[in-house]
Asker: 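This is the structure, below, for whatever I ask next.
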Protein chains: 2
Amino acid sequence: MDKKKSISIKEIAKLSQVSVATVSRVINNNGRFSEETRKRVQKIIDEYGYTTNMAAKSLRMSKSKTIGLIVPNIDNEWFSQLVLKIEKYFFDKNYSVFICNTSQDEEKEVAYFKTLDSKMVDGIICISGIEEIPTNAISRDIPIVCIDRKPKDHANAYYVESNHYSGGYLATEELIKKGCQRIAIVSRNKTLSVNKQRLEGYKQALKDYGLKEYTELQLLLEPSEANYEGARKIINQLVKEGIAFDGVFATNDWRAYGVMVGLAENNINVPSDVKVIGFDDIFISHSCHPSMSTIRQDVSGLALKAASLLMDLIDNKEIQVDQRRFILPVEVIVRDSTDQKIEKSTLD
Amino acid sequence: MDKKKSISIKEIAKLSQVSVATVSRVINNNGRFSEETRKRVQKIIDEYGYTTNMAAKSLRMSKSKTIGLIVPNIDNEWFSQLVLKIEKYFFDKNYSVFICNTSQDEEKEVAYFKTLDSKMVDGIICISGIEEIPTNAISRDIPIVCIDRKPKDHANAYYVESNHYSGGYLATEELIKKGCQRIAIVSRNKTLSVNKQRLEGYKQALKDYGLKEYTELQLLLEPSEANYEGARKIINQLVKEGIAFDGVFATNDWRAYGVMVGLAENNINVPSDVKVIGFDDIFISHSCHPSMSTIRQDVSGLALKAASLLMDLIDNKEIQVDQRRFILPVEVIVRDSTDQKIEKSTLD
DNA sequence: CCTTGATGGGTAAACGTTTCCACACAATCT
DNA sequence: AGATTGTGTGGAAACGTTTACCCATCAAGG
């Protein structure tokens with residue numbers, strides 16, 4: 001293996017008989033040079049396949065044309081969709097996106113913040129995760145935008161999120177409208193602001209419709225179990241304990257699917273015995289059987305808002321105070337899992 | 001916003017009253033220094049929260065502790081699983097992984113190769129995609145390992161893949177064993193080596209079992225349509241044209257799901273009228289209805305082999321010729337979509 | 001007491017950029 | 001003609017590391 005080495009500006013300069021300064025100016029199309037030299041230099045560049053050494057450029061410029069993206073779980077379709085939209089936005093703007101999958105591990109998140117910092121990223125987007133952003137892991141002054149994650153000091157933070165409160169309300173309302181009286185919520189424990197808000201919406205809807213709040217129906221899973229499998233288990237347990245319920249609001253589609261599987265294992269029919277609604281509207285919600293009602297978030301809107309906000313911050317644009325935070329509306333998608341109104345609950 | 005600036009080795013040196021050389025030696029634990037200075041320097045480092053400027057380090061060392069990962073579509077669960085395992089492997093080895101989603105766009109892939117090159121990545125893993133690796137986009141001499149992608153010049157290439165030929169064979173055999181006589185294949189057109197091999201396996205199985213090969217049942221979709229939706233459409237068309245078939249081998253689970261939806265739309269029952277088998281064993285294959293038989297690939301094995309191979313190459317380890325290519329076995333997963341043997345085909 | 005070798009640590013060059021400054025020359029204005 | 005402005009270009013410093021090379025000190029061995 002003969003070590004190939006990439007050609008540098010200095011060599012380009014020698015070959016085209018100008019100074020490195022001029023070559024740099026030509027490459028970045030910045031500063032003054034004659035059309036004639038431009039051609040000559042460009043010719044050599046093309047001929048030798050010069051590419052910028054980004055390490056050197058970053059070092060000199062203290063920026064890297066790269067943004068960092070902190071995401072909890074890229075194998076959750078909801079997150080991968082977001083990631084993809086964000087990546088596309090920045091690719092078109094000639095920025096690279098450094099994707100950091102934290103697997104919901106706080107230590108890993110901190111480690112990634114440090115890495116991003118030392119790699120000189122020009123900005124960071126954080127998706128979900130805990131409210132505390134480890135800003136002390138960052139030594140430079142770079143903009144951070146959050147999605148579905150409300151940083152500790154709201155006041156001068158930048159974030160965009162769905163209206164989770166409204167989502168929780170609408171989901172619960174849908175179940176109520178279809179005749180459910182004892183509605184369980186399957187969520188994650190209170191570390192995540194999005195789940196807190198969905199829970200609040202749920203409670204408010206119960207209250208507004210005059211339904212009782214049963215604490216034994218508030219099932220808050222531990223993070224490690226807050227997925228499909230955890231939801232399945234907890235529903236099994238609920239049934240075993242003989243606690244009555246006729247509706248379940250699961251705060252994401254994976255959990256909702258787990259709920260549906262758990263119900264099926266106990267021969268409880270959806271939607272005739274128990275109705276189920278999820279959150280996110282990922283593919284599984286319409287591929288499962290029966291198809292699942294859910295709350296749809298505007299994934300493109302979230303991605304685009306967050307990305308363009310960060311871009312503006314990087315470009316040092318002045319951001320109006322009312323343009324620093326966005327709450328996007330959500331939408332109920334009614335499918336089979338909440339089909340048919342129960343006129344009279346069998347639970348009464 | 002007052003511009004924070006990260007502290008440099010030079011400043012650490014001044015504060016701890018040693019030279020930059022010594023600080024560097026302490027940081028990298030390389031070279032000679034007394035225990036006493038180590039302590040003094042480390043104290044300052046901790047106190048001021050020094051982090052390495054990777055741009056400078058990369059520039060000096062011509063490497064970056066980063067590897068590039070080229071992947072077609074991160075929102076396909078199969079790929080995101082691979083990505084995640086690879087990321088974990090390298091995270092533990094203190095390497096970062098730069099994930100590049102090509103969206104199956106060749107131009108984008110080339111662009112990303114150039115980016116990776118200019119970012120000085122220490123190695124690249126390419127997942128799937130076309131056979132031609134744009135090596136001319138790379139100016140340095142870095143190792144490349146492929147997964148499910150057989151580079152043009154096999155001879156001295158590094159790759160690991162599943163046994164796709166065997167997978168195609170087993171899938172077809174499963175349908176045949178369950179009594180199917182006219183088996184369609186829904187795949188992608190021949191740009192991808194994995195699909196070519198699966199097709200070959202399919203053909204061989206037909207031959208071995210004495211079944212006729214019907215060209216009108218070889219449905220090869222264009223890349224842009226080679227997904228769920230494309231499969232759904234083509235099945236609808238097949239039915240409309242009145243072409244008979246009683247089994248479908250779809251070369252991935254998304255396409256298989258599209259097939260099942262298409263069949264359902266035409267009131268064709270799975271598995272009693274037509275049996276279906278997919279490939280990959282992603283979540284949807286057991287969450288759909290009826291649950292789907294499929295070919296399971298060893299995702300962990302693929303990820304681990306590829307990652308450790310690349311790691312060895314980066315570490316300049318000598319790789320035996322027989323350790324440069326790995327073909328991993330696949331496994332048939334039988335579920336409801338190929339349940340029940342048809343004793344006598346209704347097509348006869 | 002002089003040599004030798006080990007130990008700890010400093011100096012400075014190099015990595016590939018960008019950009020400030022200076023300078024030469026030409027064109028234009030007074 | 002002299003002053004001014006504009007245009008194209010080059011020199012060199014700076015960004016933050018690593019490391020080859022050098023030097024000082026000290027202990028041990030002759």
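Below, read A as the first sequence line, B as the second, and so on, with proteins coming before strands; counting in each chain starts at 1. Computed over heavy atoms, backbone and side chain alike; hydrogens, waters and symmetry mates excluded.
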Asker: Could you tell me if the side chain of B:Glu109 sits less than 4.5 Å from the side chain of B:Ile70, heavy atoms only?
Answerer: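 Answer yes - side chains close enough.
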Asker: Does anything in residues 54-61 of chain B come within less than 4.0 Å of DNA chain C? Heavy atoms only, and list the residues if so.
Answerer: B:Leu59, B:Arg60
Asker: Under a 3.5 Å threshold, yes or no: a donor from one side chain and an acceptor from the other, between B:Glu11 and B:Ser8?
Answerer: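 On atom types as modelled, these side chains qualify, holding a pair under 3.5 Å.
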Asker: By ring-ring contact (aromatic ring centres under 6.0 Å, His included), which residues pair with B:Phe79, not counting sequence neighbours?
Answerer: none
Asker: Locate the shortest heavy-atom distance separating A:Lys10 from A:Val20; write the atom from each residue and the value.
Answerer: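 Residues A:Lys10 and A:Val20, closest heavy atoms: CA-CG1, 3.6 Å.
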Asker: Give a yes/no verdict on a cation-pi contact between B:Lys93 and B:Tyr89, requiring under 6.0 Å between NZ or CZ and the six-membered ring centre and an angle within 45° of the axis.
Answerer: yes
Asker: If only side-chain N and O atoms count, and only distance matters, is there a donor-acceptor pair under 3.5 Å linking A:Asp117 with A:Ser139?
Answerer: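 Note: A:Ser139 and A:Asp117 side chains meet the donor-acceptor criterion.
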Asker: Pull out every residue in residues 39-51 of chain B that has a heavy atom closer than 4.0 Å to any atom of DNA chain D, ordered by number, or say none.
Answerer: B:Tyr50, B:Thr51
Asker: Go through the side-chain N and O atoms of B:Thr66 and A:Lys119 and say whether any donor and acceptor fall under 3.5 Å apart.
Answerer: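 The criterion, which ignores hydrogens and geometry beyond distance, is satisfied for A:Lys119 and B:Thr66.
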Asker: Would you list the atom pairs, donor with acceptor, under 3.5 Å between side chains in residues 44-51 of chain A and any protein atom, with sequence neighbours excluded?
Answerer:
| unit_1 | atom_1 | unit_2 | atom_2 | d |
| --- | --- | --- | --- | --- |
| A:Asp46 | OD1 | A:Gln42 | NE2 | 3.0 |

Asker: Are any of A:Ser19's side-chain N or O atoms less than 4.0 Å away from OP1 or OP2 of D:dG11?
Answerer: no
Asker: Find the distance A:Lys14:NZ to D:dG11:P and express it as a whole number of Å.
Answerer: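 Whole-Å distance recorded here is 12 Å.
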Asker: What distance do A:Phe91 atom CZ and A:Leu84 atom CG have between them, rounded to the nearest 0.5 Å?
Answerer: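 A:Phe91 CZ to A:Leu84 CG: 12.5 Å, rounded to 0.5 Å.
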Asker: Identify, between A:Ser24 and B:Gln17, the residue whose nearest nucleotide on DNA chain C lies closer to the 5' end.
Answerer: B:Gln17
Asker: Decide yes or no for B:Arg149 and B:Ile130: does some side-chain heavy atom of the first lie under 4.5 Å from some side-chain heavy atom of the second?
Answerer: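 Sidechains of B:Ile130 and B:Arg149: in contact.
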Asker: I want to know whether B:Phe326 and B:Tyr159 have ring centres closer than 6.0 Å.
Answerer: no
Asker: Does the side chain of B:Lys57 pick up a donor-acceptor pair with the side chain of B:Asn28 at under 3.5 Å?
Answerer: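 There is such a pair (donor and acceptor under 3.5 Å, judged by atom type) between the side chains of B:Lys57 and B:Asn28.
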Asker: Is there a donor in the side chain of A:Ser300 and an acceptor in the side chain of A:Lys85, or the other way round, less than 3.5 Å apart?
Answerer: yes
Asker: Along DNA chain C, 5' to 3', what are the outermost nucleotides having an atom less than 4.0 Å from a heavy atom of chain B?
Answerer: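 Result: C:dT7 to C:dG16.
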Asker: For DNA chain C, what residues of residues 28-37 of chain A have any heavy atom nearer than 4.0 Å?
Answerer: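 When residues 28-37 of chain A is checked for heavy atoms under 4.0 Å from DNA chain C, the hits, listed by number, are A:Asn28, A:Asn30.
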